[in-house]
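For reference, the structure is listed below as structure tokens.
Order of listing sets the numbers, starting from 1, for every ligand and every atom in it. Nothing fancy with the numbering, it's 1 onward along the sequence.
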Amino acid sequence: MILLIGATGFLGPPVLKKLLETGYEMSCLIRTDSDRTDLLDTAKSAGKEILFSCGTLRSSDSIISALKKADSVIYMVDLEHTDLLENFLEAASRSGIKRAVFISSTTVLIPQDSRVKNQKINSEKLIKSSELDYTILRPTMIYGSKDDNNFSKMIMFIKKRGFFVIFGNGNNLIQPIFIEDVADSITRVIDNKKTYGKIYNIAGRDSLKYRDMLDIVRNKLKKHFRIIKFPLKFSRLLISIYAKISGNPSLTPGQIERMGIDKTYLYQKAADDFHLSPLSFEDGIERLIKELEGKN
Ligand SMILES: NC(=O)c1ccc[n+]([C@@H]2O[C@H](COP(=O)([O-])OP(=O)(O)OC[C@H]3O[C@@H](n4cnc5c(N)ncnc54)[C@H](OP(=O)(O)O)[C@@H]3O)[C@@H](O)[C@H]2O)c1
């Protein structure tokens with residue numbers, strides 16, 4: 001039995017689906033007020049039953065009780081929350097569980113310093129110093145379902161408004177990973193001893209310039225849209241004024257800064273150890289557009 005923690009998030013249902021299809025028995029630790037509809041629908045369409053343990057990472061007892069029924073655990077709660085991870089690691093050590101897969105992020109590799117990056121790095125250090133047989137997967141930006149905050153939002157925006165705004169010249173490199181490739185990676189590492197004690201970057205097949213990515217979106221959407229470019233310096237200034245005026249800004253100068261950075265990562269180690277063979281962006285975005293148009 002595998003325990004999923006963080007199953008009610010964006011990544012949860014596709015990961016659950018893949019593991020159920022592979023034949024694993026699954027349980028999920030969820031908070032009492034979390035919406036479990038997507039998980040129940042996923043289990044139903046796979047023709048399988050799943051077990052729920054109600055609890056929170058703030059309570060050691062509920063973590064231990066969920067872990068006692070499991071042989072291994074997949075931890076998908078953001079490692080930015082180092083306090084929750086500490087609770088988990090302490091409970092894991094008391095429960096005696098050995099095998100755990102953690103989902104981190106390539107954010108830890110970005111050259112610029114940020115609070116989130118430092119917290120994730122700190123969490124990775126705690127995992128590495130634990131007694132668990134751990135594997136850490138670091139995905140790049142994940143896309144490929146109607147719930148993603150990245151490309152599905154972008155496509156909806158373009159369809160509605162007929163234009164898209166970019167900050168900078170669009171020459172920065174990106175390498176987003178399709179959600180099913182993340183689910184597949186988790187399924188491939190869970191029982192793979194070669195991956196114990198290791199950290200892997202997982203990314204889309206190719207790195208591409210942001211503006212080339214927009215060309216691909218345009219071709220696949222079969223819709224012309226205008227691209228409005230704001231120079232980075234000007235955008236930083238504008239967003240810092242906005243951030244000062246707004247109490248709770250939806251965009252910060254730091255985010256603008258990071259938009260101009262190349263985010264491209266080697267995944268050869270993952271290809272060697274568990275045969276990661278990710279989808280190209282062309283194929284991934286085509287599948288997402290079909291899903292959003294209800295054609296899947
Ligand atoms: N999304 C991306 O593009 C992306 C890219 C790279 C890496 N990642 C990493 O992938 C992992 C999963 O991401 P995601 O986008 O699926 O995350 P998400 O949608 O934010 O989901 C977070 C999950 O954590 C659970 N959670 C939060 N606090 C909890 C607590 N105290 N006790 C128990 N559960 C708690 C949430 O449960 P509730 O439903 O109860 O809130 C939810 O199931 C994260 O580590 C993230 O950093 C994501």
In terms of residue, atom name and distance, what is the protein heavy atom nearest to [atom]?
{"atom": "atom 22 (C) of ligand 1", "answer": "Gly9 CA, 4.4 Å"}
{"atom": "atom 45 (O) of ligand 1", "answer": "Ile103 O, 2.9 Å"}
{"atom": "atom 23 (C) of ligand 1", "answer": "Gly6 CA, 3.7 Å"}
{"atom": "atom 16 (O) of ligand 1", "answer": "Leu11 N, 2.9 Å"}
{"atom": "atom 24 (O) of ligand 1", "answer": "Val77 CG2, 3.4 Å"}
{"atom": "atom 26 (N) of ligand 1", "answer": "Arg31 NH2, 3.7 Å"}
{"atom": "atom 12 (C) of ligand 1", "answer": "Met76 O, 3.1 Å"}
{"atom": "atom 1 (N) of ligand 1", "answer": "Phe10 CD2, 3.5 Å"}

Polar contact flag for Pro139 and ligand 1 (N/O pairs, less than 3.5 Å):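 In this structure, Pro139 places no N or O atom under 3.5 Å from an N or O of ligand 1.
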If you measure every N/O of Ile142 against every N/O of ligand 1, is any gap under 3.5 Å?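 Yes, at least one N or O pair falls under 3.5 Å.
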Counting only N and O atoms by type, is there a donor-acceptor contact under 3.5 Å from the side chain of Asn192 to the main-chain atoms of Lys194?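 Indeed, once roles are kept as given, a pair shorter than 3.5 Å links the two residues.
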Does Leu173 offer a backbone N or O that forms a donor-acceptor pair with the side chain of Asp262 under 3.5 Å?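 Pair found, side chain donor or acceptor close to backbone of Leu173.
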So does [X] pair up with [Y], basic N to acidic O under 4.0 Å?
{"X": "Glu80", "Y": "Lys117", "result": "no"}
{"X": "Asp148", "Y": "Lys153", "result": "no"}
{"X": "Glu21", "Y": "Lys48", "result": "no"}
{"X": "Asp41", "Y": "Lys44", "result": "no"}
{"X": "Asp283", "Y": "Arg205", "result": "no"}

Heavy-atom count around Glu49 CD within 6.0 Å, excluding the residue itself: above 12?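 Open: at most 12 neighbouring heavy atoms sit under 6.0 Å from CD of Glu49.
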Under 4.0 Å from any heavy atom of [X], which atoms of ligand 1 are there?
{"X": "Leu84", "value": "28 (N), 31 (N)"}
{"X": "Ser104", "value": "7 (C), 8 (N), 9 (C)"}
{"X": "Lys120", "value": "47 (O)"}
{"X": "Thr140", "value": "5 (C), 6 (C)"}

Is_contact(atom 20 (O) of ligand 1), protein non-hydrogen, under 4.0 Å: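 Within 4.0 Å of atom 20 (O) of ligand 1, no protein heavy atoms are found.
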Would you tell me whether Thr107 and Arg138 have side-chain atoms, one donor and one acceptor, within less than 3.5 Å of each other?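 No donor-acceptor contact under 3.5 Å links the two side chains.
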Nearest-option assignment for atom 38 (P) of ligand 1, heavy atoms, candidates Pro13, Cys28, Ser34: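 Answer by nearest heavy atom: Ser34.
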Just going by heavy-atom distances, which of Asp35, Thr8, Leu137 is nearest to atom 43 (O) of ligand 1?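 Selected option, by shortest heavy-atom distance: Thr8.
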Does the pair Ser123 and Thr82 meet the rule for a side-chain hydrogen bond (donor to acceptor under 3.5 Å, both in side chains), with working shown? CA-CA 5 Å; Ser123 291; Thr82 313; 3.2 Å; yes
What class does the angle between the rings of Phe163 and Phe157 fall in, given that below 30° is parallel, 30 to 60° is tilted and above 60° is perpendicular?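 Phe163 vs Phe157 ring planes: perpendicular.
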